[in-house]
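What follows is a set of notes on a single structure, which appears directly below.
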Amino acid sequence: MNKIALAMLVTVGVGYAVWQQPQESVAVVSEVQKQKPEVGFAAPHFSLIGLDNQVYKVEGKRDRPVILNFWASWCGPCRMEAPDLQKLYEKYKNQIDFYGINVTNNDSPEAAAAFVQSYKLTFPIPMDVAGTVSNRYLIQAFPTTYVIDTNGVVRKKIIGMIDAPTLELEMRKLLQEKP
């Protein structure tokens, strides 16, 4: 009788432990699933080292909205929009963070640095050396720009070159929103 009671107690204990484990996993998976590089979803989190050796992060709520521009030095449209991006950065740098993410696994650090110097870019240039961030953001064309609000939510995704007036309009919309 004692053996049967012990066996039942062990079975219940193991069953409870197994039952609890998947719930924790589901919670973690659920949080990651909320991060999606699409309008209305939390922007995928990342941390990258920039050309200036500083760390740049996107990980949920932030003090200021952020513009992410994925580019490569060999990209013609990236070259065409670079001067406009620099002008907008200079105008809004105290209100909106701006990260020009070089997709270095499709480029080279040397070419990226030469591009930045050639166009006199002063905004942060995080380097996606392994391509993990561009993969999380599902980058299929250069340039691709994401507009992210202070809650860390993607507000706009622009595939291809964007003209300055259109991007500035999106930036103004971000600034008008209440956090």
Side-chain angles (χ1 to χ4, degrees), residues 35-39 41-175:
Q35 295 177 27
K36 194 173 182 180
E38 298 298 333
V39 173
F41 287 88
H45 297 183
F46 69 85
S47 176
L48 290 172
I49 305 288
L51 270 180
D52 59 359
N53 288 318
Q54 298 296 314
V55 176
Y56 296 96
K57 297 179 182 184
V58 169
E59 49 187 21
K61 290 190 177 200
R62 44 189 309 116
D63 293 334
R64 301 192 300 194
V66 63
I67 304 293
L68 304 180
N69 179 263
F70 290 84
W71 63 278
S73 64
W74 48 261
C75 161
C78 300
R79 292 170 186 250
M80 292 171 60
E81 77 176 4
D84 287 339
L85 297 178
Q86 179 60 35
K87 286 177 189 167
L88 288 172
Y89 170 71
E90 288 171 9
K91 185 173 181 177
Y92 291 97
K93 66 183 174 186
N94 295 322
Q95 299 170 291
I96 298 176
D97 291 330
F98 196 102
Y99 299 165
I101 301 172
N102 176 258
V103 185
T104 320
N105 70 317
N106 283 319
D107 206 345
S108 74
E110 299 79 16
F115 181 98
V116 168
Q117 186 174 11
S118 173
Y119 289 97
K120 297 176 177 53
L121 302 179
T122 58
F123 49 85
I125 308 292
M127 305 293 281
D128 188 13
V129 177
T132 54
V133 176
S134 59
N135 286 341
R136 289 202 68 202
Y137 278 80
L138 306 175
I139 302 301
Q140 297 177 350
F142 298 114
T144 295
T145 304
Y146 284 88
V147 177
I148 300 168
D149 68 16
T150 56
N151 290 314
V153 174
V154 176
R155 291 292 177 201
K156 188 87 171 173
K157 175 181 179 179
I158 302 123
I159 299 173
M161 194 173 108
I162 185 168
D163 62 272
T166 303
L167 182 55
E168 186 168 20
L169 178 64
E170 293 301 325
M171 293 168 79
R172 286 182 180 169
K173 285 181 192 175
L174 276 180
L175 293 173

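- Put simply, NZ on K156 and CG on L169 are 8.5 Å apart, with the number rounded to the nearest 0.5 Å.
- Separating the CG atom in N102 from the CG atom in L51 is a distance of 7.0 Å, to the nearest 0.5 Å.
- Contact of the I67 side chain with the T145 side chain is registered, since non-hydrogen atoms from C-beta on lie closer than 4.5 Å.
- The number of heavy atoms from other shown groups lying within 6.0 Å of CG (D52) is above 12.
- Ring-plane geometry between Y146 and F70 is classed as perpendicular, the angle between the planes exceeding 60 degrees on a 0 to 90 degree scale with a lower cut at 30.
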Inset, instruction - Check the pair L167, L85 against side-chain contact (heavy atoms from CB on, under 4.5 Å), reporting the backbone distance first and the verdict last. - result: CA-CA 9 Å; L167 182 55; L85 297 178; 3.6 Å; yes

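- Of all heavy-atom pairs spanning A141 and I159, the tightest one is CB-CG2, 3.9 Å.
- F46 is listed as a side-chain neighbour of I101, based on a closest heavy-atom distance under 4.5 Å.
- The backbone N or O of S134 sits less than 3.5 Å from a side-chain atom of D128, completing a donor-acceptor pair.
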Legend entry - Verdict with supporting geometry, Y137 and V58, side-chain contact (heavy atoms from CB on, under 4.5 Å): CA-CA 12 Å; Y137 278 80; V58 169; 4.0 Å; yes

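- At least one side-chain heavy atom of P109 sits under 4.5 Å from a side-chain heavy atom of M127.
- Note that CD of Q35 and NE2 of H45 are 4.0 Å apart. Values are rounded to the nearest 0.5 Å.
- Side chain of R62 to backbone of N151: no donor-acceptor contact under 3.5 angstrom is found.
- Put simply, the side chain of W74 gets close to the backbone of N106: a donor and an acceptor are under 3.5 Å apart.
- Of the inter-residue distances, the one linking L174 atom CG with T150 atom OG1 reads 8.5 Å to the nearest 0.5 angstrom.
- Side-chain contact check for P124 versus Q54: every heavy-atom pair is 4.5 Å or farther apart.
- A heavy-atom distance below 4.5 Å is not found between the side chains of N69 and Y89.
- The line from CG of L138 to CD of E38 is 7.0 Å long, rounded to the nearest 0.5 Å.
- By the 4.5 Å heavy-atom criterion applied to side chains, V147 and P65 are not counted as neighbours.
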Legend entry - Worked check of salt bridge (Lys or Arg N to Asp or Glu O under 4.0 Å) between K87 and E90: CA-CA 5 Å; K87 286 177 189 167; E90 288 171 9; over 6 Å; no

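- Panel note: side chain R64, backbone K93; a donor-acceptor pair is recorded below 3.5 Å.
- For the pair M80/M161, a side-chain contact is recorded, criterion being any heavy-atom separation below 4.5 Å from C-beta on.
- Judged by distance alone, with hydrogens and angles left aside, the side-chain atoms of Q86 form a donor-acceptor pair with the main-chain N or O of T122 at under 3.5 Å.
- For the residue pair P126 and G100, the shortest heavy atom distance occurs at CD-O, 3.5 Å.
- In this structure, R79 and S73 approach most closely via the heavy-atom pair NH2-O, 2.8 Å.
- With values rounded to the nearest 0.5 angstrom, F115 atom CZ is found 12.5 Å from S108 atom OG.
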Inset, instruction - Give the intermediate values and the outcome of side-chain contact (heavy atoms from CB on, under 4.5 Å) for residues E168 and K91. - result: CA-CA 10 Å; E168 186 168 20; K91 185 173 181 177; 2.6 Å; yes

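- The closest donor-acceptor contact from the side chain of Y56 to the backbone of I125 lies at 3.5 Å or more, if one exists at all.
- Counting heavy atoms from C-beta outward, T144 and I158 have side chains that stay 4.5 Å or more apart.
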